[in-house]
Amino acid sequence: MLAEMSWGWQMPSMRAVLEARRKTAAVRVEDLEAELERVRAALAEAEEVLRRRVIGLEQYLEALAEAEALPEVTDAASKKKPVGSRRAVPHRQDAPGVEVLSVEYQGLMAAAVEAGSGGLGARRAAVVLGWDSAVASRVEGARARLKRLVERGWLVEDKPGRFTLPAPQLDVVGAGRPGGGS
């Protein structure tokens with residue numbers, strides 16, 4: 001009261017000051033949350049575009065490698081010689097074993113074996129390939145390679161983003177009953 005009389009005006013209460021500060025902070029938080037949502041949406045869209053571009057590039061390089069490999073089919077030694085990381089991935093049923101895969105793909109297959117039933121993820125695959133798993137384009141490149149192994153029958157993707165070895169095929173003779181009985 002004394003402060004009101006001596007100054008001739010009413011001092012705002014501490015409660016009013018704190019409430020005004022709280023409201024200002026709340027508005028700032030809402031503004032930043034809205035901006036964060038816009039940035040997240042833009043990031044998700046950009047990551048999707050990047051993922052499609054990485055896959056497109058991989059498919060182009062694979063097709064290019066296949067086209068370059070066609071004239072050399074007559075030479076048996078050239079079939080076994082790796083072309084490098086751009087080498088086409090053969091279908092599993094057409095290949096005697098993982099040794100026909102490039103070194104990169106052999107490493108991915110070994111990592112899938114090591115991962116077991118938990119499956120191999122794209123970030124781990126990027127590390128196996130010697131890439132920085134914190135870089136989205138590298139993770140997407142690793143995911144594209146894993147997807148290619150799925151397309152060719154080397155791996156399966158039972159759960160989204162988790163790549164495992166396919167279940168062993170049962171013999172036709174012994175299918176249905178343990179021990180192969182009829």
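Because only heavy atoms are used, hydrogens play no part in the values below, and waters and symmetry mates are left out as well, while side chains stay in. These figures come from a predicted structure and were not determined experimentally.
Under the 4.5 Å side-chain heavy-atom criterion for grouping Ile, Leu, Val, Met, Phe, Trp and Tyr, L50 is not connected to V139 through any hydrophobic cluster. L149 and V98 fall within the same hydrophobic cluster, where Ile, Leu, Val, Met, Phe, Trp and Tyr residues are linked whenever their side-chain heavy atoms come under 4.5 Å apart, directly or through other members. Cluster membership check: L120 does not share its hydrophobic cluster with V127, using side-chain heavy-atom separations under 4.5 Å among Ile, Leu, Val, Met, Phe, Trp and Tyr. Taken together through direct or relayed side-chain contacts under 4.5 Å among Ile, Leu, Val, Met, Phe, Trp and Tyr, V135 and L146 form parts of separate hydrophobic clusters. V150 and L129 fall within a single hydrophobic cluster, where Ile, Leu, Val, Met, Phe, Trp and Tyr side chains are chained together by heavy-atom contacts under 4.5 Å.
Between the R123 side chain and the S133 main chain, a donor and an acceptor come within less than 3.5 Å of each other. Put simply, the side chain of W154 never gets that close to the backbone of R148: no donor and acceptor are under 3.5 Å apart.
T24 contributes atom OG1, which lies 10.0 Å from atom CD of E19 (distance to the nearest 0.5 angstrom). Of the inter-residue distances, the one linking E33 atom CD with R40 atom CZ reads 9.5 Å to the nearest 0.5 angstrom. Note that CZ of R152 is 10.0 Å distant from CD of Q93, once rounded to the nearest 0.5 Å. Remark: I55 CD1 to E140 CD distance equals 7.0 Å, nearest 0.5 Å. Note: E48 CD to R53 CZ = 11.0 Å, rounded to the nearest 0.5 Å. Taking CZ of R143 as the reference point, atom CZ of R51 lies at 8.0 Å (rounded to 0.5 Å).
Each of R162, R145, M109 was evaluated against L155; a single residue qualifies, M109, per the side chain to side chain contact (heavy atoms under 4.5 Å, CB included) test.
Counting only heavy atoms from C-beta outward, the side chains of V89 and Y105 approach each other to under 4.5 Å. When side chains are defined from C-beta on, L108 does not count as touching F163, because their heavy atoms never get closer than 4.5 Å.
Across all non-hydrogen atoms, the minimal contact from T164 to S117 is CG2-O, 3.9 Å. Taking each heavy atom of P166 and G153 in turn, the nearest pair found is CG-O, 3.8 Å. For the residue pair W131 and E104, the shortest heavy atom distance occurs at CZ2-OE2, 4.2 Å.
Ion pair E151/K147 not flagged as a salt bridge, since none of the NZ, NE, NH1 or NH2 atoms sits closer than 4.0 Å to an Asp/Glu carboxylate oxygen.
At most 12 non-hydrogen atoms from other residues, nucleotides or ligands lie less than 6.0 angstrom from CD of E114.
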